[in-house]
Structures are given as structure tokens and as C-alpha cells.
Number of protein chains: 2
Amino acid sequence: MVKSLMNNTQLGALARTFSALADQSRLLILHTLRQNPCYVNELCEKTGLKQANVSKQLGILKNAGLVDAQRQGNLVHYTICEPIIFEICELVCNKLERDARRRLEDFAPAKRGQ
Amino acid sequence: MVKSLMNNTQLGALARTFSALADQSRLLILHTLRQNPCYVNELCEKTGLKQANVSKQLGILKNAGLVDAQRQGNLVHYTICEPIIFEICELVCNKLERDARRRLEDFAPAKRGQ
DNA sequence: TGACAATATCACTAAACTGTGATATTGTAA
DNA sequence: TTACAATATCACAGTTTAGTGATATTGTCA
């Protein structure tokens, strides 16, 4: 259970963490890193995002404590350091799927199966 | 497990849900509603936010499918309709606490207990 | 009907954010 | 040292967002 009473500092920190997750490009980066931790240039290729943008978003993710960076010579290797983000995404994805299913039911009630 | 491959539509929907959670005022409203579902005017009193603001944020939360509204005469009663948001907040809060603890350890290593 | 209360919406301002080209930084290797 | 590659940072434009006072909408009651 979340603490039953939260203070403003806690709510602010919570909001900042959600902000880090509230962008499609950053989610794409996390999703990509999940398949394989990799270097910045690889992230650019895999995601199709530009280098400056990838670096910027990685900075935000790192600042939120979601990814870790490790310099290897000329390269920087990024890893996800908070697997809980995938639990969280799973919970939200399930909710979204339920929502969509419910919306369909409004048009095609009683159809069973998917 | 989250689907191992997500498409842009899914990532976008995910980002939009996190956006709804990425604001301190909205988290405060959710937190308040969690103690007791209530009417808009009560929310204004309990949170100290202005009426126009509360209505606006409630609209965003409702649009994200996080709260439900039920008109009762002149009043509108709001309820949280997605308890999973508390699981999510709990996961994030635990992470934040771990982060803070780790940060403390950098200054006061080996102190045990809290 | 008219007066009033609760809530939602509008129009606006100030602040924050995304993506980008250009540039700075950091490391390698000759 | 110099040249070069990978990444981070800067400065900027365009977009989005939160909060607010004013107003519109919706419902109650007399």
C-alpha cells in the first residue's frame, strides 16, 4: 500500500518520475534498451531519432534514475536500471486493453472471444 | 510481461496515460479521492486548488480513464475507477525511497537501520 | 417562470517541453 | 601534438501545459 498520507515533496517526486515516462520517444528508447542494452549510436539507428535528441532524452531518463550510463572508451553504454518500469508499463497496458475492449463492447455487445 | 514488441500507437497511448499522472495537482486530487470519493467543491476545499483548476484536472483524469464522474443533482461525485494507479504509485514510491536511501549511503555508509 | 448554486468551459498568460542544427567535450589513435 | 569519432550541451522555434478570472451550462427550489 502506498502511504495513506503523502506530502507535497513526495507527490512532486512522483510527478517528476511520471513525467520522465510521459513521452513517446523516451518510451521508445526504454523499449529499445529493454531488448538489448546498447550504445548511443545504436539507439539512434534502432529508434530513428536524431543523435542530439537521443542524448537529451537519455539525460532525462538518467536523471530520473531509470537508466544507467557507462563510458567505454569513446562510447557510452546505456542500461535500464529500474526493471520496475516494465511492471508499471504492463499494468498500464493491461488497463488500456481493458478500456479498448470495453469500448468495443459498446458497439458489439456480447461478442465473446477477443 | 509487457508485449516484447510494442508499436507506436501503443507507446503513444502509454505516454498519454503517464502524462495524466505527471502533474502534482492531479496526483493530489487522486490522493484525496483515494481517502474518500467526493464532490468537486469538497475537492477544492481539501486540496486548496481553485474550482476552475480542479474541474480542468478532473477532466484530464477522466479523459485518461482514471476517474469516474456521476452527477447527483447539482453536484458531481468523483471516484477513482482504476485502483491500479495505486499499485503503480507504490512501485514508484518504493523506487524513490530506494534511491534516497542509496544517496544517503554515499555520505553515511554502513549506518544500518534507516 | 426567475434566482441561485455547483460545475464546466473559454480565453489568456507564463512557463515548460520537444526536436534540431550547431558547437563543445571527451576519448582514441597516429 | 593533430585529426577524428562519439556523445553531450547550447540556443532557438514551435508546441503544449498549468493556472486563472470570467462566463456558460446544468440543475434545484420557490
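Letters A, B, ... are given to chains in the order of the sequence lines, protein chains preceding strands, and every chain is numbered from 1.
Panel note: side chain B/Glu82, backbone A/Lys95; no donor-acceptor pair is recorded below 3.5 Å.
A distance of 11.5 Å separates CG of B/Leu14 from CD of A/Glu90, quoted to the nearest 0.5 Å. Note that the SG atom of B/Cys93 and the CE atom of A/Met6 stand 3.5 Å from one another [nearest 0.5 Å].
Mapping B/Leu75 and A/Arg26 onto DNA chain C via the closest heavy atom, the residue that lands nearer the 5' end is B/Leu75.
Rounded to whole Å, the distance from CG on B/Leu21 to P on D/dA18 is 12 Å.
Partners of A/Asn53 by side chain to side chain donor-acceptor pair (under 3.5 Å), not counting sequence neighbours, listed by chain and number: A/Gln57.
Between B/Arg103 and B/Asp106 there is no salt bridge, since no side-chain N of the basic residue sits under 4.0 Å from a carboxylate O of the acidic one. Between A/Arg101 and A/Glu105 there is no salt bridge, since no side-chain nitrogen of the basic residue lies less than 4.0 Å from a carboxylate oxygen of the acidic one.
Residue pairs meeting the salt bridge (charged side-chain N to carboxylate O under 4.0 Å, His left out) criterion with at least one partner in residues 47-65 of chain A, sequence neighbours excluded, do not occur; the list is empty. Residue pairs meeting the salt bridge (charged side-chain N to carboxylate O under 4.0 Å, His left out) criterion with at least one member in residues 11-28 of chain B, sequence neighbours excluded, do not occur.
If you check every strand for non-hydrogen atoms under 4.0 Å, A/Ser25 touches sugar and phosphate atoms only.
Within residues 46-67 of chain B, the residues that have a heavy atom under 4.0 Å from DNA chain D are, in order of number, B/Lys50, B/Ala52, B/Asn53, B/Lys56, B/Gln57, B/Ile60.
In summary, the side chains of B/Gln72 and B/Tyr39 do present a donor paired with an acceptor at a separation below 3.5 Å, with no hydrogens or angles considered.
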Show the distances under 3.5 angstrom between N or O atoms of the protein and N or O atoms of nucleotides 26-30 of chain D.
none

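Put simply, chain B comes within 4.0 Å of DNA chain C, heavy atom to any atom, from C/dA5 to C/dT9, going 5' to 3'.
Under the 4.5 Å side-chain criterion, counting only non-hydrogen atoms from C-beta, B/Cys81 is not in contact with B/Leu66.
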